[in-house]
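See below for the structure under consideration.
Order of listing sets the numbers, starting from 1, for every ligand and every atom in it. A quick note: this is a predicted structure, and the numbers were derived from the prediction, not measured.
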Amino acid sequence: MRVAVFSTKSYDKTYIDAANAGHHQLVYLESRLDETTVSTVAGAEAVSVFVNDVLDARVIALLSERQVKLIALRCAGFNNVDLEAARLHGITVARVPEYSPHSVAEHAVALMLSLNRKIHRASARVREGNFSLEGLMGFDLYGKTIGLIGTGKIGLCVTKIMAGFGCRILAFDPVPNQQCIEAGARYVSLQELLRNSDIISLHCPLTPQTHHLIDEHAIAVMKAGVMLINISRGAVIDTRAIIQGLKSGVIGSLGLDVYEEEENLFFRDLSSTVIHDDVFARLLTFPNVIITGHQAFFTHEALTEIANTTIANISAYEQTGNASYPVSSDRIV
Ligand code: NAD
């Protein structure tokens, strides 16, 4: 099958080529798929895309005009795809439902530990010959309360890791996970979680219900000095409200791997240019904020699994007309 593979970096090509083993005809494109690049799919029956490609109703209609039959996401989240438009045009959407929840969970915990013990600042100081400890004090994780919003595959991994630290774990999820309960989590209301947590970590998908879930009202009930971690999707938090929370001190520290407007920034080297996003630039000025550029998934194991599952989805579609892991507006496998 001929597949236009968008948003590809050198590392994607390495892993996808290994998984494909020459079977499908893959056309690698560095550009993001959106209305301006859709013409580059010429002749492809399938497109493979990542988190910041734009697959709204307009792009899907243009893909359909060009006879594209399959959208193979190389990620778990599918908030960037208009599933209803895909259904109307008879385009199958497939995803990688699970690649390595450990990779993402471990990155969330890396942000927690770095923020708490101020590793980013300590490392910079020591390089300058400054061995002062002023301002670097952290707290024991043991005995602290962590609130997890979303307890699916990644939330379960975080639950187990934080239980190992001796944390008390509060959880909020419309679909409680028995394995999290067995690992020590206690399900509570969102309000109770927000009120009682020393650390709040987000592991839910971006949906209309979770858009700006953490806004000024949510921040208003949080404990003063709370640590907030978002590695789910940027728009689950209202960034402007978070900046106010950081300024007032209610949010004591913030770790982000995702950002609402990340599609204009992440996955590119912009180090020689001026950042035009003033909200993002403001976030970078806080000493108690660490931002990584959507790298939580970025481990050898995860890239191997993403490539294998993406090729499996394409091969299954080619052979049977159905992907291995389809996602649709009414049913998710
Ligand atoms: P999952 O589907 O296994 O779990 C998601 C959980 O969120 C489910 O239990 C679901 O019931 C819950 N949920 C849904 N709506 C909710 C709400 N309103 N409030 C609270 N919980 C809610 O997904 P997962 O594999 O654990 O991934 C979670 C999210 O993490 C993905 O949707 C994706 O956005 C994000 N993610 C980020 C990266 C990264 O590199 N930063 C990588 C993978 C996934």
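Using a cutoff of 4.0 Å between basic side-chain nitrogens and carboxylate oxygens, Arg87 and Glu84 are scored as salt-bridged.
Here the protein heavy atom with the shortest distance to atom 42 (C) of ligand 1 is Tyr99 OH, 3.0 Å. Atom 44 (C) of ligand 1 has its closest protein heavy atom at Ile154 CD1, 3.6 Å.
Of the polar atoms of Gln295, none of the N or O atoms is found under 3.5 Å from an N or O of ligand 1, judged by distance alone. At under 3.5 Å, a nitrogen or oxygen of Lys153, whether backbone or side chain, sits near a nitrogen or oxygen of ligand 1. By the 3.5 Å distance cut-off applied to N or O atoms, Val104 is not counted among the residues near ligand 1.
Under 3.5 Å, the side chains of Arg74 and Ser48 contain a donor-acceptor pair of N or O atoms.
For atom 13 (N) of ligand 1, the candidate residues are Ala105, Pro205, Gly77; the nearest heavy-atom contact is made by Pro205.
Every atom of ligand 1 is numbered from 1 in the order shown, and the set under 4.0 Å from a heavy atom of Gly150 is 7 (O), 20 (C), 21 (N). Taking a cut-off of under 4.0 Å to the non-hydrogen atoms of Ala296, the atoms of ligand 1 that pass are 39 (C), 40 (O), 41 (N). The contact set between ligand 1 and Phe172, taken as ligand atoms under 4.0 Å from a residue heavy atom, comprises 19 (N), 20 (C), 21 (N).
For the pair Arg121 (side chain) and Pro287 (backbone), a donor-acceptor distance under 3.5 Å is absent.
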